[in-house]
Amino acid sequence: MTPVRVRFAPSPTGRTHLASGRTALYNYLLARQTGGQFILRIEDTDQKRYVPGSEQELMDSLRWLGLEWDEGPDVGGPYAPYYQTGRREIYQQYARQLIEQGQAFYCFCTPDRLEKVRQAQQQRKETPHYDGFCRNLDPGEAARRVANGERHVVRFKMPKDGSITVRDRLRGDITVENAMLDDSVLIKSDGLAVYHLAAMVDDQLMGITHVFRGSEWLSTFPLHGHIIRAFGWTPPEFVHLSILLKPSGKGKMSKRDTAAAMQDGHSIYIKDLRDLGYTPEGVVNWIALMGWSYDDAAEFFTMPDLIEKFSIEHLNPSPAAINFTKLDYFNGLHIRALPVDELARRIQPYLPEGDLATLQKIAPIIRERLVTLDDAPQWAGFFFRETVTPSVADLTPKGMTPAEGAAVARKCLSIIESLPNVSHETAEPPLRALVEETGLSAGQVFGILRVAVTGQTVSPPLFESMAIIGKEKVVERVRQAIGLLEQLG
RNA sequence: GCCCCCAUCGUCUAGGGGCCCAGGACGGGGCCCUCUCAAGGCCCAAACAGCGGUUCGAGUCCGCUUGGGGGCACCA
């Protein structure tokens, strides 16, 4: 495939969502696969909705996912500026061209009048649309009014009859009657272009070959086709991605669903996912498969895999429900796939007391237990605490009294004290022999030791854990446990 | 209301006329492994929305119905 030029063009109006991450990902994959360029363009033409900080979160989120752009606001590029507010004269120039061609017109209607027109139309059960009040004004007079500083917008002069056919890569040709289309605003009264004009102009000027965008753009797609045609340009390939539904698959995520996901330790925002201990590898694998698939079996993918295997043909146009359980699964998969020293580095922020050398010993025994990196403290916190504080109830195995438990613990203690060290090889055989001798189950004997040493009933494997903690500390903790049991028994 | 899009197990999906009494994965159930919890292995339940066509033959093509979604702004 020839190198593509693709762009991800979000508006800085809120948090960076999963769906944005997915759109950006597909753009990135196609760019890397074909040796093309991935461009980040900020569509900030609606200054009323601008949310400070959203742009920073956006860039942080993309970079965290590993989606580095080749051209964009902070890295520059041959088509700068990459902020649309920096390109207002460009859009005005193209709008003027359309006016001169008779395919756009100045409109002086006030918001007030438009609102009244809309209401009247709705009362008559008509589809709201611009009534054409300024459509046929004398061009000379309109120009004079503009020169006089009269407040105005520029509207597209939609043909009254005929139809237009636009092509989506996933859905094929889409034909719409022009009569169904409106004289949409191209330039607002503040002089800035709206999306419909700005995006088409920028895509053309920036040499964009493929446009991935959400399917919410499908309804305005015919308008975009008209604009492109009016300028005589060759349209890029359009790929409208399916929308993401709430986990139940019934409707899109609502405020309530978003809150529920947070309650559950999940989130639809990329940055939150990072904070919750998800890995970029897991998140990328997960979102890649929401609307795309490779074949009837493969599903574990790293970024290099995806770059190699991604294809537009395997994109699915139907909506996909967000499945957080599957994110947990993929995250676990990728955590386990991480090299030990890398995993040690990744969990260090969650275990600030832990030194890297010890974390490298711990990583292999907790890796298959981690769903998120954030789980590390519950599995490995006891390695780094001075003392553990088990409860007598936990220390006493089912069907035994605390006194009986203490007796078993004493036997364990004397065995451990007699050992040169508590490696798996040295500690397990004599302790297994003890199990035989007492006639208890391995679970009962090792259970006492586990709680004594780790302070918890659920832990990484006992012998591996003891080996890491070291004989001295193990002895100390078992003694303490015996004290607890005898005191109460 | 009008316009557009979508439709295979609960969920993500494979399938692009015979290879499908529909395959994989998550989740669920069972078994195995086992010092706890996981991970892993094996097995089970679970779907072509409905109705009409086209065809020797339809999950796959066409139409309608139903359901879901998006849009109808001087927002993107």
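Values reported hereafter were calculated over all heavy atoms of this structure, with side chains retained and with hydrogens, waters and symmetry mates removed.
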Exercise for the section: Quick one: sort the A/His224 and A/Trp217 rings into parallel, tilted or perpendicular, breaks at 30° and 60°. Expected result: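 It falls in the tilted class, 30° to 60°.
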Given that both distances must come in under 3.5 Å, which nucleotide forms a Watson-Crick or G-U wobble pair with [N]?
N	answer
B/A45	none
B/C35	none
B/U11	B/A25
B/C51	B/G63
B/C19	none

Does a nitrogen or oxygen in the side chain of [X] sit under 4.0 Å from OP1 or OP2 of [N]?
X	N	answer
A/Lys250	B/G67	no
A/Asn316	B/A14	yes
A/Ser293	B/A14	yes
A/Thr45	B/A76	yes
A/His314	B/G15	yes
A/Tyr329	B/C26	yes
A/Arg118	B/C72	no
A/Arg155	B/C74	yes

[X] side chain: which of [options] is closest?
X	options	value
A/Arg336	B/C6, B/U11, B/G40	B/G40
A/Val458	B/C75, B/U36, B/C6	B/U36
A/Ile243	B/C75, B/G1, B/G70	B/G70
A/Ser219	B/G70, B/A39, B/C75	B/G70
A/Lys188	B/C5, B/C35, B/A76	B/A76
A/Glu43	B/C6, B/G69, B/A76	B/A76
A/Lys326	B/C35, B/C6, B/C26	B/C26
A/Asp46	B/A76, B/C4, B/G24	B/A76
A/Thr127	B/C74, B/G1, B/C4	B/G1
A/Tyr195	B/C35, B/A14, B/A76	B/A76

Is it the case that the side chain of [X] and the backbone of [Y] share a donor-acceptor pair, with hydrogens and angles ignored and the cut-off at 3.5 Å?
X	Y	result
A/Gln444	A/Ser441	yes
A/Asn285	A/Phe300	no
A/Trp379	A/Ile365	no
A/Asn178	A/Lys160	no
A/Asp295	A/Ala297	yes

Exercise for the section: Please test A/Arg369 against A/Asp375 for salt bridge (charged side-chain N to carboxylate O under 4.0 Å, His left out), starting from the C-alpha separation and ending with a verdict. Expected result: CA-CA 8 Å; A/Arg369 279 158 257 263; A/Asp375 288 340; over 6 Å; no
Problem - Contact nearer the 5' end of RNA chain B, comparing A/Pro319 with A/Asp44 - result: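 Final value for this comparison: A/Pro319.
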Practice task
Would you kindly compare A/Ser242 and A/Thr457 by the position of their nearest RNA chain B nucleotide and give the one closer to the 5′ end?
Solution key: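 Counting from the 5' end, the first nearest nucleotide belongs to A/Ser242.
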Using the [atom1] atom as the point on both nucleotides, what is the distance between [M] and [N], in whole Å?
N	M	atom1	value
B/C62	B/G17	C1'	14 Å
B/G18	B/G59	C1'	13 Å
B/G50	B/G10	P	13 Å
B/C20	B/G15	C1'	9 Å
B/G23	B/C9	C1'	12 Å
B/G27	B/C64	C1'	36 Å
B/C5	B/G63	P	11 Å
B/A25	B/A39	P	15 Å

Check every strand shown and say whether [X] touches a base, only sugar-phosphate, or nothing at a heavy-atom separation below 4.0 Å.
X	answer
A/Cys107	nothing
A/Gly291	sugar-phosphate
A/Glu464	base
A/Gly251	sugar-phosphate
A/Ser459	base
A/Ser184	nothing
A/Val153	base
A/Trp292	nothing
A/Pro222	nothing
A/Pro10	nothing
A/Pro111	base

Distance, rounded to the nearest Å, where [X] contributes [atom1] and [N] contributes [atom2]:
X	N	atom1	atom2	result
A/Phe330	B/G24	CZ	C1'	11 Å
A/Tyr50	B/A76	OH	P	15 Å
A/Met253	B/G69	CE	P	14 Å
A/Met290	B/C26	CE	P	17 Å

Exercise for the section: May I ask you to verify whether the side chain of A/Ser189 and the base of B/C74 hold a donor-acceptor pair under 3.5 Å? Expected result: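 Yes.
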Exercise for the section: Go through the N and O atoms of the side chain of A/Arg450 and the base of B/C35, and report whether any donor-acceptor pair is under 3.5 Å. Expected result: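 Such a pair exists between side chain and base.
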Handout entry: Cation-pi check, A/Arg145 onto A/Tyr106 ring (under 6.0 Å, within 45° of axis)
Key =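 So A/Arg145 doesn't make the cation-pi contact.
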Problem - Worked verdict on A/His314 versus A/Ser311 for side-chain hydrogen bond (donor to acceptor under 3.5 Å, both in side chains) - result: CA-CA 6 Å; A/His314 279 97; A/Ser311 69; 3.0 Å; yes
Handout entry: A/Arg167 atom CZ: more than 12 heavy-atom contacts under 6.0 Å
Key =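 No.
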